[in-house]
Every structure is written in C-alpha cells, then in structure tokens.
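Encoded as structure tokens, the structure appears first; notes follow it.
Indexing begins at 1, ligand by ligand and atom by atom, following the structure's order. No hydrogens, no waters, no symmetry mates; every other heavy atom, side chains included, goes into these values.
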Amino acid sequence: MEREGRRIYIFDTTLRDGEQSPGVSLNVQEKLEIARQLARLKVDVIEAGFPIASPGDFEAVKAIAQEIEGPVIAALARINEKDIDRAWEAVKYAARPRLHVFIATSDIHMKHKLRMTREEVLAAVQRGVSYAKQHCQDVEFSPEDASRSDPDFLCQVLEVAIAAGATVINIPDTVGYATPPEFGRLIALIRQRVKGIENVTLSVHCHNDLGLAVANSLAAIENGANQVECAVNGIGERAGNTALEEIVMALFTRYDYYRCKTGIVTEEIYRTSRLVSSLTGMPVQYNKAIVGKNAFAHESGIHQDGVLKERTTYEIMNPAMIGLVQSNIVLGKHSGRHALRTRLAELGFNLTEAELEKAFQRFKELADRKKEITDRDLEAIVEHEIRQIPEKYVLQHLHISTGTHVIPTATVGLKVGEQVWEEAACGEGPVDATFKAIDKITRLPLALKSYSLNAVTGGKDAVGEVTVQVEYEGRHFIGRGISTDVLEASARAYINAINKLVYDVGEENLHYLDEVNNANARPGVAK
Ligand code: KIV
Ligand code: ZN
C-alpha cells in the first residue's frame with residue numbers, strides 16, 4: 001500500500017564523496033556498474049563525480065550521464081567558471097542533469113583555505129550560481145562547513161544563492177561536528193530566516209566523524225529538510241557519510257514516528273551494499289546496521305527461541321525487506337546449470353550466457369572442494385570472477401612450498417595469450433613469494449599497499465576472499481580473488497589488480513622494469 005507523508009529525496013554520493021574514501025579508486029566500468037545498481041535501487045539523484053578532479057572522473061560522469069536513465073545525474077564543481085565548465089561538459093548528456101557547486105562559508109575555511117573575505121565569498125556565490133544556471137536549469141549550492149559557519153552570514157549566503165537561481169540548497173556538516181539537536185535547530189533557523197527557501201529543495205550532507213551522520217540527517221528531516229545526501233555502506237571522506245541503507249530503513253521502519261517516505265526499492269539494498277563493498281574493496285563491518293553480516297543474526301538462545309516463535313520479538317525489520325532472502329535449495333557438485341541459473345536469478349543476478357558459463361565453471365571447481373555452496377559463495381563468484389575486465393594474465397598453475405623451517409617458495413604459471421609463462425621466487429612468506437613470482441613475469445613496478453583476507457562463509461571448507469590494493473606510478477588498483485585455498489585466492493586477487501591496471505592504463509602506456517630484483521630468482525621461461 002502506498003504510504004502517505006512527506007517525500008524525502010535520496011541523493012546518493014557513493015560515486016563522489018564515497019569514492020573519496022581513503023584507498024578507494026573505481027574505474028569507469030566499475031562506476032557504471034554501481035550507477036546501474038543505484039538506478040535499480042531508485043535513488044533520486046546520483047552524484048556521479050567531480051569532473052575537474054581527474055580525466056577518469058570526467059569520463060565516468062560522462063558515461064553515467066549518457067547511459068543511466070531515471071535518476072537526476074549530478075556533477076560537482078567548485079564555484080568557479082573552469083570547474084563549472086568541466087562539470088557541465090561531462091554531465092550535459094544526462095536527461096536530467098544537475099550542477100552541484102560549492103564554496104566554504106566558515107570563518108576558519110575562508111581565512112585559512114580560501115583566503116577570501118566574506119564579501120568576496122558572497123560575490124563568488126552570486127557569480128558562480130548565475131554562471132552554472134546559464135548551463136543548467138537544476139543547480140545545487142552547498143556552503144561547505146555550514147555547521148561551523150556564522151549562522152547570520154550563512155543565511156545571507158543562501159539568500160544570494162537562491163536569488164541567483166539555485167534550485168537546491170544543501171547544508172553540509174563537512175567535518176561531522178554537529179550534534180542532532182544543534183543541526184536540527186540550524187535547519188529550522190534556515191527555514192525561518194532565508195528568503196525563498198520554501199521554493200527550493202532543502203538538503204543535508206552529514207559526515208560521520210562522531211558517528212552522528214544518520215542521527216543528524218534525521219534531525220534535519222524532522223526540521224524540514226527534504227533531501228538527504230548519503231552513501232552506500234556509509235563510505236566517504238574520513239569516517240564517511242550518512243549511510244544510505246540506515247537513513248532509508250530508519251524512515252521506513254519508523255514511519256509511525258517520521259511520517260516520511262522515500263522512493264527507494266528497499267529489496268535492492270543488500271545487493272547494492274555487496275556490490276559497493278566488492279568493487280571498492282571496503283569490507284562492511286560485521287555489526288554494521290542493516291547490511292552487516294550480524295545485523296539479522298541471533299546468538300543468544302533466548303533470542304533464537306523468541307524469533308522462532310514470533311519473528312517480531314527480536315526483529316524490527318524483516319530481512320526480506322532489504323533483499324536478504326534465504327533459500328531452501330542447497331547447491332552442490334551435482335547441481336546443474338539450470339539450478340545455478342535459477343538461484344542466481346533469485347539473488348538478482350541476470351547473467352548473459354557467456355557469464356553464466358564462466359560462473360558455472362567456477363561453481364564446479366568450488367563444488368569439487370566444498371560440499372555445500374551458499375548464497376554468499378555464489379555472490380562471491382559473481383562479484384569476483386564474472387564481472388571482469390579483459391584479462392591479460394590468467395592464472396594457470398600455482399605451486400607453493402612453505403613450512404616452519406623452509407624458505408617459502410612459489411612457482412606460478414600465467415597464461416598470456418597462447419603462451420604460459422612460468423617463474424619461481426622466494427619470499428618472507430608464501431603470499432610474498434607468490435606475488436614476487438608474478439612480478440617477475442609481469443615486470444611491472446608495483447607496491448602492495450594493502451592485503452586483507454576474509455572468510456565468505458563459516459566452516460573448515462570456507463571460501464577465502466582476498467582483497468589487495470596495489471600502487472602503480474601513484475595510482476591505486478584493487479583486486480579480488482576467491483578460493484577455498486587462501487594462497488590461490490591471494491594469487492587471483494593480485495592478478496586481478498594487475499589486469500585492471502593493464503586495462504585502465506593501457507598496454508601502450510605501461511612502463512616495465514628491466515628485471516625484478518630477487519636474489520633467488522631464476523630467469524623467466526616461456527613453456
Ligand atoms: O562534505 C562536504 O562539505 C562536501 C560538499 C562538497 C557538499 O562534500
Ligand atoms: Zn562531504
């Protein structure tokens with residue numbers, strides 16, 4: 001049944017503020033894939049990027065603007081002509097484009113960062129919003145660090161922005177400093193004092209430095225805000241942004257209190273969270289509200305008993321509402337393509353024939369080593385192994401010798417085109433040895449920036465999920481791999497990062513090392 005009540009617009013900034021999370025770097029294909037999923041989730045606005053920031057950001061915003069239908073597509077710009085031109089150049093292809101311009105308004109930012117007076121900032125807002133308006137009908141204005149700005153000055157700035165044509169006024173708590181009552185009061189004050197505010201969308205953008213981003217956004221809604229900027233899994237600068245899934249489910253679950261609705265298809269939340277985690281390489285903490293592994297797990301016997309008798313005794317949300325569906329089908333090594341296709345479709349993965357074939361091969365390999373293949377295993381196969389860019393290097397074989405009193409040694413075979421290249425190397429440990437052997441084949445100057453290993457499911461035959469981040473000439477690439485053997489998963493993850501790098505940088509632009517330094521190495525051999 002359609003709910004009554006005030007409509008809250010969900011502005012998703014996973015691809016812009018979210019991508020500013022330390023260590024996260026998405027390529028154009030990955031951003032497009034997330035944008036497609038955000039469209040299925042039915043967010044109202046996708047902030048696709050900050051086009052002036054890099055050519056990659058520009059291309060991603062352009063590709064999203066050209067392809068994605070449904071949501072408004074926004075591009076961020078500082079309030080100067082060069083930034084605005086570049087943002088418009090990328091976002092103009094969208095059916096419903098938005099230019100999002102910002103400048104700081106707190107004394108601390110104006111004095112130390114901008115080195116501008118209040119009068120100069122006011123003039124820049126007038127000029128910048130008017131200039132953006134010449135390109136685009138829909139212009140959002142953000143006074144950065146609004147929550148630490150002088151409220152009188154802030155209101156003055158907002159009036160100038162509205163008079164110059166802003167259609168959305170967004171109030172950022174840029175450093176996550178505000179508390180809910182205070183932030184709520186600021187929104188109420190803006191609504192009372194700013195001329196023309198009733199004619200624009202009033203938005204908020206909260207950071208989570210004190211863990212208050214969702215609470216502050218809810219306080220803002222109670223005081224009249226009708227757009228919330230948020231990111232999937234709460235990713236973003238430093239401690240992140242308001243978590244999309246939390247704000248949406250808080251409004252949904254506590255409709256009795258807020259009397260507000262969103263247009264989000266909540267059943268897509270879990271899948272969106274998994275996709276973003278997988279592509280950004282940022283794991284979701286186990287106890288994360290709504291989408292964490294433990295969010296619907298009941299450990300205590302009393303709780304389990306209660307839930308078995310009546311789910312609502314200890315569950316305020318039905319897991320099915322976020323798309324967490326349990327299946328009665330157990331897949332194993334006797335399952336065929338049809339069963340796999342059916343289960344994948346139930347999980348929301350509609351693969352092409354070629355993708356299904358690839359998934360089926362990996363499924364069979366896994367089923368040979370693991371009795372029961374769970375939904376999480378299937379998700380891992382699709383997330384890590386299927387949605388892939390062209391692979392220059394394919395793992396052919398891996399042999400590792402390790403132990404307590406031996407030097408860890410790895411022999412790796414990589415298929416490159418029709419040829420298999422083999423190398424061996426020693427290392428501090430078996431993973432190090434494996435990566436060094438791979439380096440000897442690729443001869444790329446790589447630095448390993450991070451390595452993490454997670455068990456996808458429990459049990460002795462659990463699937464290990466490895467995520468690595470490598471640096472090549474100042475750029476970061478994330479690779480993922482899965483296997484019941486964690487060393488194989490490590491090799492797959494490392495090779496995945498290298499393939500992405502080759503794809504993104506382009507073969508013709510790569511720089512190779514003359515030889516890879518390893519005292520114990522033997523010369524490379526093509527077999
Ligand atoms: O946190 C912030 O102030 C921002 C603005 C650009 C909206 O991200
Ligand atoms: Zn921000």
Q) What residues form a side-chain hydrogen bond (donor to acceptor under 3.5 Å, both in side chains) with Gln37, not counting sequence neighbours? A) Arg40, Glu268, Thr272
Q. Can you say whether the rings of His205 and His207 are parallel (under 30°), tilted (30 to 60°) or perpendicular (over 60°)?
A. tilted
Could you list each nitrogen or oxygen of ligand 1 that sits under 3.5 Å from a protein nitrogen or oxygen, with the atom names and the distance?
residue: ligand 1; atom: 1 (O); partner: His205; partner atom: NE2; Å: 3.2
residue: ligand 1; atom: 1 (O); partner: His207; partner atom: NE2; Å: 3.0
residue: ligand 1; atom: 3 (O); partner: Thr174; partner atom: OG1; Å: 2.6
residue: ligand 1; atom: 8 (O); partner: Arg16; partner atom: NH1; Å: 3.4
residue: ligand 1; atom: 8 (O); partner: Arg16; partner atom: NH2; Å: 2.9
residue: ligand 1; atom: 8 (O); partner: Asp17; partner atom: OD2; Å: 3.1
residue: ligand 1; atom: 8 (O); partner: His205; partner atom: NE2; Å: 3.1

Q. Looking at the Zn ion (ligand 2), is one of the N, O or S atoms of Asp17 less than 2.8 Å from it?
A. yes
**Q.** Rounded to 10 degrees, the angle NE2 of His207 makes with NE2 of His205 at the Zn ion (ligand 2)
**A.** 100°
Q: Using distance alone, with no hydrogens and no angle criterion, decide if Tyr257 and Glu222 have a side-chain donor and acceptor under 3.5 Å apart.
A: yes
Q: Identify whether the distance between the nearest side-chain nitrogen and carboxylate oxygen of Arg238 and Asp209 falls below 4.0 Å.
A: yes
Q.
Do Asn170 and Ser142 pair up side chain to side chain, a donor and an acceptor below 3.5 Å, judged on atom types alone?
A. yes
Q.
Can you tell me how the ring of Phe11 sits relative to the ring of His100, calling it parallel under 30°, perpendicular over 60° and tilted otherwise?
A. perpendicular
Q | Presence of salt bridge, Asp57 and Arg16, under 4.0 angstrom | A | no
